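Chain letters run A, B, ... following the sequence lines, proteins first, then strands; residues in each count from 1. Every heavy atom of this structure was used, including side-chain atoms; hydrogens, water molecules and symmetry mates were not. Bear in mind the structure is a predicted one, so any value in this text is a computation, not a measurement.
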There are 2 protein chains.
Amino acid sequence: MNELRTIRAKSGTNQEGTSAHNRRVLIEAIRLNGPLSRADLARATRLTKQTVSNLIESLEADGLVASEDVVRGARGQPSTPYRLVPEGAFALGVQIDRHLTRVVAVDLLGREVARAMANLPPGGPAEGSKLILRLIETVRQDLAGRIPESAHRLAGLGVAMPGPFGLEPSDDDTWMMAQWQDFPLVETLAAGTGLATSLQNDASACATAERMNGSADGLDHVVCIYFGYGIGAGLILGGELYTGSNRNAGEIGMVLFSRGGVQSPLEHRASLASLFQHLGLDSATTEAYAEVERLTLADDPRVLEWLAGAAADMRHAVHMVETIFDPETVILSGSAPEPLAKRLFAEMFPLIPSNADRQNRALPRLQLGMIGPWAVALGAAAEPIRRAFDPLFSAILKEAF
Amino acid sequence: MNELRTIRAKSGTNQEGTSAHNRRVLIEAIRLNGPLSRADLARATRLTKQTVSNLIESLEADGLVASEDVVRGARGQPSTPYRLVPEGAFALGVQIDRHLTRVVAVDLLGREVARAMANLPPGGPAEGSKLILRLIETVRQDLAGRIPESAHRLAGLGVAMPGPFGLEPSDDDTWMMAQWQDFPLVETLAAGTGLATSLQNDASACATAERMNGSADGLDHVVCIYFGYGIGAGLILGGELYTGSNRNAGEIGMVLFSRGGVQSPLEHRASLASLFQHLGLDSATTEAYAEVERLTLADDPRVLEWLAGAAADMRHAVHMVETIFDPETVILSGSAPEPLAKRLFAEMFPLIPSNADRQNRALPRLQLGMIGPWAVALGAAAEPIRRAFDPLFSAILKEAF
DNA sequence: CTTATTAAGTCAAATGGCTTGACTTAAATG
DNA sequence: CATTTAAGTCAAGCCATTTGACTTAATAAG
């Protein structure tokens, strides 16, 4: 029956799914807690000692974990802690920004192992993707030169670029990114590298970076506000990155805010782009970036003026995401010059009272995250690692055909 | 080692988890698609025919599914479709509102089987919870009278009330709900009924109802705007209800909106409470509710005035949640008088252009959902069903001690 | 110094849910 | 009436986890 009708259903699972999940749970537990013995792991995951032993043995054979020195000092047989082996897996990440691109390689711990960067050439994505493929090759060879076995351990390629995705270009798009939206980027890079390739927006990548190595380590409910050329939010909800039905979740830059009776998207008032415009700088050249840093450190009055306004809007943005997401904490991160980011962060206090004001908070309402130009590329690279080694619902399911 | 240190880790799983997941996947597939044969189920879930046969056999033995008439008409052996048995499971739901409480029993399909309602007595939650327990008993006996075996098939008790939860009461709280917040409601009702009891806010319950029997059937990314005495949003993200780190996610009523240079929470301008105030009605009595319905049908100018303003704010709210969540659709639901809700819905068009404007949309950007006074209670009752029978990540994990 | 206690980790058999491939059943097609 | 197609069963096998007894090795107690 129903030969042509598509039946909506989730996928089932089997013992492979069980085992895959348990392996991921062990890896995540070690990542979050540091070296753990098999007995520790068994208690923490509610698996039996024997199961943990079996899994650790296979993880060790795969080069993902290694034993450390035996720990004595308590009653009973001394325990053997296991740690993650950073060289157990690698992944590549690409950030595509308005005028430049960055490529990094990271290890299993999400730490940078190699990097490359270049300005995007004229000629749009057709030319740009060729350059990116060359950069990827450079990074790959750099990586292989230092760690020969890494070639067999590449988990994939993560790509991050500004969103939103899949929309008709608006006249508002001053960034010349529209042409990249139509280009079959994932397919081109996957074909050119032979790696499993995924795409996300820069704010999501930033959140992934924060979760891997930053302020969101081990947290399950985090909003990471990405402050860069534009502004967006990376969402970690229920322990997983949330990207919405079309990868456009978290685009808070396009939410309409009011200030002084004027309504406009947040991005027009709180973003590097808005600051460049306020200062009359040519947008998003590396010189403009350096100039902003200089002016900030010099307490330039135009910067201060902008800061006061942007901080006011950012306070509202924090209030909004706290109210809507009820996160454990909000992180201000991004790729702004660090002095500017710190200044903006400081100006945002006191925060607007919100639902997040509760006694017994474990974490501050707002924290400063990894700020710096490489945050997005690092997050992009961390994505394949996360997808391959974090416990995810999708990971237990049987694969699509 | 680490005797006292708590180790953060997710729980592992085993074959029981596998089986539990697969059973849930089958149940959900039949709920979403209608009766399906074993062969259909095997294809849709990627399980083997044999596994599906085994699971269907056990589901049939548990009284959750039943075979229908054999279907002929195609080549090959005729297939035997299986449907859900509504009497396979029941659950109870309680809505606690400002001045009244509703209790319903629903079946496996989330359909109402019994109901009761009463005004909350003076004396706060101590007295109120006694009344609620009596109402629950009434509904339970009503249910047992009609379907004797239902007593053994109660999946649990879901409770819904206005949020936010766990905050210090503000002077803004005109609803006398604060005392309910401090009261150990879940514990009291669980002890009084012997049922597994859970608590959520009314907007979440409304979203659950929409997913079970309304406009969100089978969708994985939905924002359900609950318009009632207050206003909130129920969030279905990635196929699961999202409630945040403290069950306060989706409280869009507390987001600050600007209109005419004045900034105030959305709830103060778009909610039944705001309309009652605008009309000078005593808040939230049943008479006020009927009066609003009458005035709406009479095109009372004060109602029209309120509608114009509320619709403007609601348009912004829709724009905001679309931008932030990137849902498949937004649903306007709630417990307002139906004529008012329909009027408000109509006034919200045209919507503000947003990221959600894309060609090839499968669904409208905004839909009207189940509107009516029983929506929240039905959603509250559907929650235990959902938790027991929907495929959830948490369902595969080993239980906590 | 000896024994008791505690705890980590292994061994080997058992359990149980899914898989496999051959088989049966039963209808439509030509 | 033989062929084709498809649903569904049967029985053996696979494999990850479980179980309980056992080994190892440390500290604590007397």
Participant: With a non-hydrogen cut-off below 4.0 angstrom, is S19(B) in contact with a base, only sugar-phosphate, or nothing?
Facilitator: sugar-phosphate
Participant: Just to be sure I understand the rule, does N54(A) reach a base, reach only the sugar-phosphate, or reach nothing, if contact means heavy atoms closer than 4.0 Å?
Facilitator: base
Participant: Does dA7(D) have OP1 or OP2 sitting under 4.0 Å from an N or O in the side chain of T80(B)?
Facilitator: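 For dA7(D), neither OP1 nor OP2 has a side-chain N or O of T80(B) closer than 4.0 Å.
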Participant: Atom CD of Q15(B) and atom P of dT18(D): how far apart are they, to the nearest Å?
Facilitator: 8 Å
Participant: Compare the minimum distances between each of dG17(C), dA8(C), dG8(D) and the side chain of Q77(B), then state the nucleotide with the smallest one.
Facilitator: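 The nucleotide sitting nearest to the side chain is dG8(D).
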Participant: Would you sort out whether F393(B) and H21(B) count as a ring pair (Phe, Tyr, Trp, His ring centres under 6.0 Å), showing the intermediate values?
Facilitator: CA-CA 8 Å; F393(B) 195 13; H21(B) 172 73; 9.5 Å; no
Participant: Could you check whether atom CD of E57(B) has more than 12 heavy atoms from other residues, nucleotides or ligands sitting under 6.0 Å from it?
Facilitator: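 Check fails, neighbour count at 12 or below.
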Participant: If the cut-off is 4.0 Å, is R72(B) near the phosphate of dA7(D), judged by side-chain N/O to OP1 or OP2?
Facilitator: no
Participant: Rounding to an integer number of Å, can you tell me how far L47(A) CG sits from dG9(C) C1'?
Facilitator: 15 Å
Participant: Within the structure provided, determine whether E240(A) and D220(A) are in side-chain contact (heavy-atom separation under 4.5 Å).
Facilitator: no
Participant: In whole angstroms, how far is the C1' atom of dA16(D) from the CD1 atom of I56(A)?
Facilitator: 16 Å
Participant: Less than 4.0 angstrom between a side-chain N/O of R75(A) and OP1 or OP2 of dA25(D), yes or no?
Facilitator: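 Checking R75(A) against dA25(D): no side-chain N or O falls below 4.0 Å of OP1 or OP2.
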Participant: Return the value, rounded to whole Å, for the distance between atom CZ of R38(A) and atom P of dT24(D).
Facilitator: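 Those two atoms, CZ and P, are 16 Å apart.
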Participant: Between K398(A) and dT19(C), does any side-chain N or O lie under 4.0 Å from OP1 or OP2?
Facilitator: yes
Participant: Provide, to the nearest angstrom, the distance between the CD atom belonging to E60(B) and the P atom belonging to dG8(D).
Facilitator: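 Atom-to-atom, E60(B) to dG8(D), this comes out as 12 Å.
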Participant: Quick one: I396(B) CD1 to dA16(D) P, roughly how many Å, whole number?
Facilitator: 16 Å
Participant: Report the residue (P78(A) or N14(A)) whose heavy-atom-nearest nucleotide on DNA chain C is the more 5′ of the two.
Facilitator: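 Counting from the 5' end, the first nearest nucleotide belongs to P78(A).
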Participant: Does a nitrogen or oxygen in the side chain of S79(A) sit under 4.0 Å from OP1 or OP2 of dG9(C)?
Facilitator: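 No, outside the criterion.
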Participant: Classify T51(B) by what it touches in the nucleic acid, base, sugar-phosphate, or nothing, heavy-atom distance under 4.0 Å.
Facilitator: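 Base: the residue T51(B), judged by heavy atoms under 4.0 Å, touches a nucleobase.
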Participant: Mark yes or no for whether R361(B), through its side chain, and E328(B), through its backbone, hold a donor-acceptor pair below 3.5 Å.
Facilitator: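 Pair found, side chain donor or acceptor close to backbone of E328(B).
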Participant: By nearest heavy atom, map S53(A) and T13(A) onto DNA chain C; which one lands nearer the 5' end?
Facilitator: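 Closer to the 5' end of DNA chain C: S53(A).
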Participant: Return the value, rounded to whole Å, for the distance between atom NZ of K49(A) and atom C1' of dT6(C).
Facilitator: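 In whole Å, dT6(C) C1' and K49(A) NZ are 12 Å from each other.
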Participant: Taking atom CD of E16(B) as the centre, does the number of heavy atoms from other residues, nucleotides or ligands within less than 6.0 Å exceed 12?
Facilitator: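 Count not over threshold, so no.
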Participant: Between H221(B) and Y242(A), does the ring centre distance come in under 6.0 Å?
Facilitator: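 Between Y242(A) and H221(B), which both carry aromatic rings, the centre distance is below 6.0 Å.
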Participant: Could you please name the option among dT18(D), dC18(C), dG17(C) that lies closest to any side-chain atom of L55(B)?
Facilitator: dC18(C)
Participant: Among dT19(D), dT17(D), dT20(C), which nucleotide has an atom closest to any side-chain atom of Q50(A)?
Facilitator: dT19(D)
Participant: Side-chain N or O of S37(A) less than 4.0 angstrom from OP1 or OP2 on dA8(C)?
Facilitator: no
Participant: Can you check whether N22(A) has a side-chain N or O nearer than 4.0 Å to OP1 or OP2 of dA16(D)?
Facilitator: no
Participant: E16(A) or G76(B): which one's nearest nucleotide on DNA chain D is closer to the 5' end?
Facilitator: G76(B)
Participant: In whole angstrom, what separates D69(B)'s CG from dA27(C)'s P?
Facilitator: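 The answer, rounded to whole Å, is 14 Å.
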Participant: Within the structure, does a side-chain N or O atom of R43(A) lie under 4.0 Å from either OP1 or OP2 of dA8(C)?
Facilitator: yes
